[in-house]
Participant: 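Right, I'll just put the structure down here and ask away after.
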Amino acid sequence: MTPATPKPLPQLVAAARLKAALAEADRHRDAGRKTEAAQAYGLALSIDADRDDVRVQLGNMLKDTGDFAGAEAAYRAVLARRPNEPDVF
């Protein structure tokens with residue numbers, strides 16, 4: 001059995017930054033700070049733009065703050081990649 005190849009340092013740093021941004025976003029969301037949560041989810045997406053689950057959360061926070069155009073854009077971006085994503089509906 002061969003050992004797994006370790007990830008390069010930049011990938012490890014990005015993964016740590018993503019984990020921290022998501023934890024911050026979730027803390028803000030759970031505390032009812034929707035604007036701050038949206039900002040943190042946006043930061044997470046700047047680290048990993050392929051996270052549709054995070055984009056849905058961003059859309060939810062934008063909707064809750066009254067930014068319906070921003071929420072729609074976030075949801076549509078998910079649907080463009082995953083047309084049957086149930087979390088958008």
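This one's a predicted model, so the numbers in the text were calculated from it and none came from an experiment. Along the sequence shown, residues are numbered consecutively beginning with 1.
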Participant: Does Asp87 reach the side chain of Asp53, with side-chain heavy atoms less than 4.5 Å apart?
Facilitator: no
Participant: Nearest heavy-atom pair of Ala40 and Ala21: which atoms, and what distance?
Facilitator: CB-O, 3.9 Å
Participant: Nearest heavy-atom pair of Gly59 and Ala71: which atoms, and what distance?
Facilitator: O-CB, 3.3 Å
Participant: Determine, step by step, whether Arg17 and Leu43 satisfy the side chain to side chain contact (heavy atoms under 4.5 Å, CB included) criterion, reporting the C-alpha distance in whole Å, the side-chain angles of both residues, the deciding distance to 0.1 Å, and the verdict.
Facilitator: CA-CA 9 Å; Arg17 288 181 60 226; Leu43 173 61; 4.3 Å; yes
Participant: Once you round to the nearest 0.5 Å, how far does CZ of Arg81 lie from CG of Leu79?
Facilitator: 11.5 Å
Participant: Would Ile47 and Val54 show up in the same hydrophobic cluster when neighbours are defined by side-chain heavy atoms closer than 4.5 Å?
Facilitator: yes
Participant: Under a 4.5 Å side-chain heavy-atom rule over Ile, Leu, Val, Met, Phe, Trp and Tyr, are Leu22 and Leu58 clustered together?
Facilitator: yes
Participant: With heavy-atom distances below 4.5 Å as the criterion, would you say the side chains of Asp52 and Glu85 are in contact?
Facilitator: no
Participant: To the nearest 0.5 Å, what is the distance between CD (Gln39) and CZ (Arg33)?
Facilitator: 11.5 Å
Participant: Start with the C-alpha gap between Leu62 and Phe68, add the side-chain angles, then the distance that decides, and say whether side chain to side chain contact (heavy atoms under 4.5 Å, CB included) holds.
Facilitator: CA-CA 7 Å; Leu62 293 172; Phe68 300 114; over 6 Å; no
Participant: Any sub-3.5 Å donor-acceptor pair from Arg55's side-chain atoms to Asp50's backbone N or O?
Facilitator: no
Participant: How far apart are the C-alpha atoms of Met61 and Thr65, what are their side-chain angles, what is the distance that settles it, and do they pass the side chain to side chain contact (heavy atoms under 4.5 Å, CB included) test?
Facilitator: CA-CA 6 Å; Met61 296 305 101; Thr65 62; 5.5 Å; no
Participant: Working to the nearest 0.5 angstrom, can you tell me the gap between Tyr41 OH and Glu36 CD?
Facilitator: 12.5 Å
Participant: Let me confirm one number: the NZ-NZ distance from Lys34 to Lys63, rounded to the nearest 0.5 Å.
Facilitator: 8.0 Å
